[in-house]
Amino acid sequence: MALRGLSAATLAYCLCSAPMAFAQQSGVAASEHEQAEDASDDAFALEPSASPASPVLSPLSGTRAIAPVPATASRAADDGAASAITISGSATLTSDYRFRGVSQTDEGMAVQGGITISHESGFYVGTWGSNLAGWGTFGGTNMELDLIAGYAFPVGAGTLDTGVVWFMYPSGADTTDFAELYARLSGDVGPLSLTAGIAYAPKQEALGKVFLTGAAAAAGLPDNPGDKEDNLYLSGDAVYAVGDSPVSLKAHLGYSDGNSGLGPNGTSIAPTGTYFDWSLGVDVAPIEGLTLSASYIDTDISAGDGAYLLPNFATLAGGEIADATIVFSVTASF
């Protein structure tokens with residue numbers, strides 16, 4: 001898989017090297033402010049906290065272009081003596097659920113939430129869910145439910161977070177669920193937090209190029225039934241904490257490389273095969289546990305790029321679902 005003369009492997013190395021280089025030069029340990037937004041991520045991702053013993057559930061840019069901000073506090077399972085187990089989570093109301101730049105709710109609102117149980121050793125498990133509409137729905141409850149397991153540990157002055165996500169669509173059509181592996185490296189340089197991520201889904205039928213055109217998908221006549229494909233997603237995120245204020249500025253860049261057609265249920269997590277997504281935004285935390293967010297999100301998927309995916313790749317009104325938009329959200333976390 002090549003990226004305009006730059007191999008995916010080289011790009012992944014560059015993305016993953018930058019945060020560590022900055023972190024090692026800074027000589028400071030990661031802090032609570034290091035948690036950069038994904039989400040992402042794609043796919044779903046888990047954002048490491050300052051301590052590898054308590055990673056925080058956060059669907060960030062590695063899998064989602066806009067998503068709940070990481071919780072900044074965690075609650076011990078035992079309110080008495082210090083416990084080896086911590087629990088953290090969040091609930092979000094957002095104006096649009098964008099997964100790697102593409103709307104998963106027909107450009108409508110979504111209610112999302114997640115919870116993580118982590119051990120002081122660095123191991124954790126969690127779950128995250130959202131309602132769906134339009135592209136990426138498979139009937140049933142029209143819901144995405146992600147199951148996550150991973151391990152976060154210090155690397156130099158930074159944190160490496162690795163794990164696996166199982167994407168589920170309860171009561172949906174056959175051949176919808178799939179697994180994706182991820183790794184995220186993060187580090188701080190003063191008020192600037194940097195994160196580089198890679199997510200890879202091995203060849204699976206849910207990611208296959210079953211339909212070659214939207215017309216074939218609409219007719220239910222697969223061109224290549226049973227096909228299996230893989231998917232790669234590379235991401236880079238930066239968050240800048242503005243002094244002692246409750247304001248943080250954030251930026252995200254992602255690159256997808258996968259199935260360039262339509263999956264077994266008429267959708268694909270990399271709709272046009274290869275494309276970029278990016279976002280610029282601001283988070284404001286007026287009180288502890290509450291975050292207000294606004295993000296400008298866009299992709300390089302043009303109307304012409306997505307034309308062969310129609311009628312699937314559009315809102316019910318026929319509008320684009322990967323065009324530029326501003327997404328607003330409010331998140332309560334613990």
Side-chain angles (χ1 to χ4, degrees), residues 36-45 47 57-70 90-114 128-137 142-146 165 167 169 180 182 195 197 199 231 233-239 250-256 258 267-272 274-283 291-303 305-306 309 312-317 319-331:
E37 176 167 21
D38 349 213
S40 269
D41 223 232
D42 273 119
F44 180 91
E47 180 69 10
L57 187 67
S58 177
L60 303 180
S61 65
T63 59
R64 293 167 174 77
I66 186 67
V69 179
S90 64
T92 295
L93 178 65
T94 181
S95 62
D96 190 3
Y97 168 19
R98 290 270 169 150
F99 178 68
R100 298 173 184 173
V102 179
S103 179
Q104 305 292 295
T105 48
D106 204 33
E107 296 194 334
M109 297 182 69
V111 177
Q112 305 169 333
W128 182 91
S130 176
N131 62 285
L132 303 172
W135 178 264
T137 58
N142 283 336
M143 173 186 179
E144 176 186 332
L145 180 64
D146 302 341
V165 182
F167 290 84
Y169 302 89
E180 184 173 76
Y182 64 86
T195 302
N231 193 87
Y233 186 72
L234 305 177
S235 63
D237 291 86
V239 174
K250 56 190 180 182
H252 161 77
L253 175 65
Y255 170 72
S256 292
T267 66
S268 171
I269 62 171
T272 56
T274 60
Y275 73 96
F276 286 92
D277 71 90
W278 57 88
S279 67
L280 295 172
V282 58
D283 293 337
T291 303
L292 308 177
S293 302
S295 292
Y296 172 86
I297 301 172
D298 199 3
T299 73
D300 67 348
I301 299 176
S302 67
D305 291 334
L309 300 172
N312 296 45
F313 199 66
T315 66
L316 292 177
E320 298 179 45
I321 59 173
D323 56 347
T325 189
I326 297 179
V327 174
F328 300 94
S329 65
V330 56
T331 298

For this session: Taking salt bridge (charged side-chain N to carboxylate O under 4.0 Å, His left out) as the test, write out the residues that go with D323, two or more places apart.
Result: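 Applying salt bridge (charged side-chain N to carboxylate O under 4.0 Å, His left out) to D323 gives R98.
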
Exercise for review: Quick one: list whatever passes salt bridge (charged side-chain N to carboxylate O under 4.0 Å, His left out) with E320, sequence neighbours left out.
Suggested key: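 Checked E320 against salt bridge (charged side-chain N to carboxylate O under 4.0 Å, His left out); zero matches.
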
Holding to ring pair (Phe, Tyr, Trp, His ring centres under 6.0 Å), I want the full list of residues that pass it with F313, two or more places apart in sequence or in another chain.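 Ring pair (Phe, Tyr, Trp, His ring centres under 6.0 Å) list for F313, sorted by chain: W135.
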
Just jot down the side chain to side chain contact (heavy atoms under 4.5 Å, CB included) partners of [X], sequence neighbours excluded, or say none.
X    : value
T315 : D106, E107, A317, I321
V111 : L93, N131
N142 : T137

* At what distance, to the nearest 0.5 angstrom, does CE of M143 lie from CG of L132? ->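 One gets 8.5 Å once the value is rounded to the nearest 0.5 Å.
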
Next on the checklist: Testing the 3.5 Å rule here: is there a donor-acceptor pair between the side chains of D283 and T291?
Outcome noted: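 Not at all, the side chains of D283 and T291 share no donor-acceptor pair under 3.5 Å.
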
ask   = If we ignore angles and hydrogens, is there a donor and acceptor under 3.5 Å between the side chains of T331 and T92?
value =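 T331 vs T92: donor-acceptor pair found between side chains.
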
>> Would you call the rings of Y255 and F276 parallel, tilted or perpendicular, taking 30° and 60° as the class edges?
In response: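 Aromatic pair Y255/F276 classed tilted.
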
> L280 and W278: side-chain contact (heavy atoms from CB on, under 4.5 Å), yes or no, with the steps?
Replying inline: CA-CA 7 Å; L280 295 172; W278 57 88; 5.9 Å; no

Are any non-hydrogen side-chain atoms of [X] and [Y] less than 4.5 angstrom apart?
X    : Y    : answer
S235 : R100 : no
Y275 : V102 : yes
Y233 : I269 : no

Which atoms form the tightest heavy-atom contact between [X] and [Y], and what is the distance?
X    : Y    : answer
Q104 : G136 : OE1-CA, 4.1 Å
V282 : K250 : N-CE, 3.9 Å
S103 : D96  : OG-OD1, 2.8 Å
T105 : A110 : CG2-CB, 3.9 Å

Backbone of A322 reached by a side-chain donor or acceptor of T299 within 3.5 Å: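 Yes, T299 side chain to A322 backbone: donor-acceptor pair under 3.5 Å.
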
Quick check: W128 with Y97 (ring centres under 6.0 Å apart)?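 Yes - the distance between ring centres of Y97 and W128 falls below the 6.0 Å cut-off.
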
Residue that, paired with V327, satisfies side-chain contact (heavy atoms from CB on, under 4.5 Å) out of S95, S279, S293: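 One option only clears the test, and that one is S95.
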
